[in-house]
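Just below is one structure, and these are the notes that go with it.
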Amino acid sequence: MKEPADRLPWHEQWGDWLYPLGTIVFLVIAWELFVRLLKIPSYLVPRPYDVLLVLVDRHAEIFAHALVTAQEVALGYLLGVAVAVPCAILICWSRLLERSLMPLIVYTQTFPKSAIAPLFLIWFGYGILPKVVIAFLIGFFPMLIAMITGLRAVEPDAVDMIRSMSASKLQTFTKVRIPYSLPFFFSGAKVAATLSIVGALVGEFIGAEQGLGYLLIRANASLDTEFLFAILIPLVVLGRLFFSFVGLVERYVIGWHLAAREGAQGS
Amino acid sequence: MDPLIDVQQVIMRYRTKGGPVHALADVTLQVGRGEFVSVVGPSGCGKSTLLKIIAGLLLPSAGQVRVDGVRVSGPHPGVGVVFQSPVLLAWRTILENILLQIEVRHLSKAQYRKRALDLIALVGIQGFEDKLPYQLSGGMQQRAAICRALIHDPPLLLMDEPFGALDALTRDRMDLELQRIWLESGKTVLFITHSIPEAILLSDTIVVMSARPGRVQELVQVTFPRPRDLKSLARPEAVEAIERIRAIMGTVPD
């Protein structure tokens with residue numbers, strides 16, 4: 001049996017959840033009071049309780065649109081992973097590609113990708129495809145850059161180590177460089193997870209018939225502020241779920257890295 | 001008998017953005033079979049470069065290297081290399097790290113498993129074969145790296161300051177362990193270090209190199225009997241050898 005002293009007190013055990021939860025409860029109450037006391041009209045800032053009512057009332061509609069957005073994000077993101085990883089490997093494989101492409105890729109980092117979103121609408125119409133493409137484009141670059149950084153960050157001794165075993169170039173990639181790059185890749189993949197939601201929303205803002213972005217624009221046009229606020233909640237949930245999912249995959253794929261990092265901190 | 005390593009007039013120059021670097025100037029060197037040879041010299045004298053050339057990791061600008069009579073033109077089967085850091089792959093267990101050598105060389109892992117476990121016992125880390133590298137101390141990780149370098153039974157072991165990153169006590173212990181492993185395995189060892197006492201403790205011959213561009217300044221034979229221990233370093237001939245090497249390297253303040 002465990003000694004009671006070994007166990008953290010309850011408020012420490014659940015602290016990671018409780019403290020932020022307390023902050024949220026405090027903010028919601030403050031908001032409610034603020035709106036009531038200052039008599040702010042609901043088309044400017046609605047009361048939290050009314051937002052909740054709208055959310056419950058129109059949940060079916062919101063859920064259907066959230067599914068569309070989730071689909072766009074998931075497709076765009078997966079496409080991003082599927083293209084970024086091989087591209088990064090290819091670029092680091094060949095010195096020629098690296099030298100001719102890398103400066104351009106770094107340069108595109110500063111370019112606001114959403115600026116070409118209107119163009120995609122012209123090319124791909126009003127359906128789901130242009131949103132997928134924008135989500136892809138916005139998520140792709142951070143993943144590509146992160147993966148390339150990881151492939152280049154490998155310890156020179158580790159490459160010499162496997163080369164001394166008469167390894168082929170393919171072996172140095174599959175056995176050393178690619179696994180070494182994965183922790184970097186996942187940090188990019190997490191940034192991309194939130195960015196691709198932005199991408200899909202931007203696409204929906206510009207022109208759509210479905211999706212949470214479309215709902216936002218519609219609510220905005222009719223000054224339905226309560227509804228606007230209500231739509232933000234599934235967006236937060238979507239972002240959180242998506243981020244956690246990437247975290248889960250990370251834990252599964254590079255558990256060794258996380259364990260080593262925690263082990264190093266613990267000792 | 002012909003030497004295991006035969007380095008003939010090796011010159012190494014690099015071009016870098018900061019200008020040309022002349023790392024090695026005409027190095028000629030032989031290492032006999034079963035010999036333990038250390039290379040000492042000031043930082044940047046090209047000792048690591050020399051080791052990489054012998055391992056086939058770098059090609060010299062001029063001159064040639066033969067290992068076991070075969071001209072070195074790239075990484076070759078007859079060598080195991082231990083680096084300054086253990087460079088164990090964090091996602092593989094100790095055993096899998098050791099068997100990496102076998103995997104990459106397309107040998108049968110099943111066949112070498114037993115040998116891997118024997119080596120693990122030889123270096124004294126039995127019980128850790130299924131652990132991940134971070135669960136081992138630096139000294140134990142370097143022991144695993146030695147196993148990895150020996151698993152395919154190469155005649156030649158190249159060690160590039162293998163204990164340089166360890167604390168002084170662990171380093172002393174690892175030196176003695178290495179001597180024991182060397183006496184038991186009968187390998188030829190080329191050992192890079194900048195610790196003169198370490199070189200004297202371990203070596204039959206010490207190659208003293210000059211500052212860049214590196215060249216062989218002198219060969220110092222260490223003849224006193226083995227197994228040596230830390231007390232051997234207090235013997236008059238050891239003290240004398242240390243003084244002599246320091247004088248050659250010009251590090252003795254007058």
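Convention: sequence-line order gives letters A, B, ...; per-chain numbering from 1. Just so it is clear, the model here is predicted, and its values are computed rather than measured.
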request  = Identify which one of B:Leu100, B:Leu88, B:Leu57, B:Val104 satisfies the side chain to side chain contact (heavy atoms under 4.5 Å, CB included) criterion when paired with A:Met161.
outcome  = B:Leu100
query = Hey, what do you get for CG (A:Asp160) to CG (B:Leu51), rounding to the nearest 0.5 Å?
reply = 9.5 Å
query = If you tally heavy-atom pairs under 4.5 Å against chain B, which of A:Ser166, A:Ala167, A:Gly255 wins?
reply = A:Ser166
B:Ala55 portion near chain A, given a 4.5 angstrom heavy-atom threshold = neither
task = Would you indicate whether the side-chain heavy atoms of A:Ile254 and B:Trp91 approach each other to under 4.5 Å?
result = no
query = Just wondering, more than 12 heavy atoms not from A:Lys169 lying within 6.0 Å of its NZ?
reply = yes
ask   = Given that the side chain runs from C-beta out, which part of B:Gln135 has a heavy atom under 4.5 Å from chain A: side chain, backbone, both or neither?
value = neither
ask   = Distance from A:Ser164 atom OG to B:Gln101 atom CD, nearest 0.5 Å?
value = 6.0 Å
inquiry  = With heavy-atom distances below 4.5 Å as the criterion, would you say the side chains of B:Arg92 and A:Lys175 are in contact?
reply    = yes
request  = Using a 4.5 Å cut-off on heavy atoms from C-beta on, say whether the side chain of B:His106 contacts that of A:Gln171.
outcome  = yes
task = Go through B:Leu132, B:Leu89, B:Leu158, B:Ile102 and name the one with the most non-hydrogen pairs under 4.5 angstrom from chain A.
result = B:Leu89
query = Are there more than 12 heavy atoms of other residues, nucleotides or ligands under 6.0 Å from atom OH of A:Tyr107?
reply = no
key: Note, A:Met165 side chain near B:Pro75 side chain (heavy atom, < 4.5 Å)   = no
query = Would you find more than 12 non-hydrogen atoms of other residues, nucleotides or ligands less than 6.0 Å from A:Phe26 atom CZ?
reply = no
query = If you count the non-hydrogen atoms of other residues, nucleotides and ligands that lie under 6.0 Å from CZ in B:Arg113, is the total more than 12?
reply = no
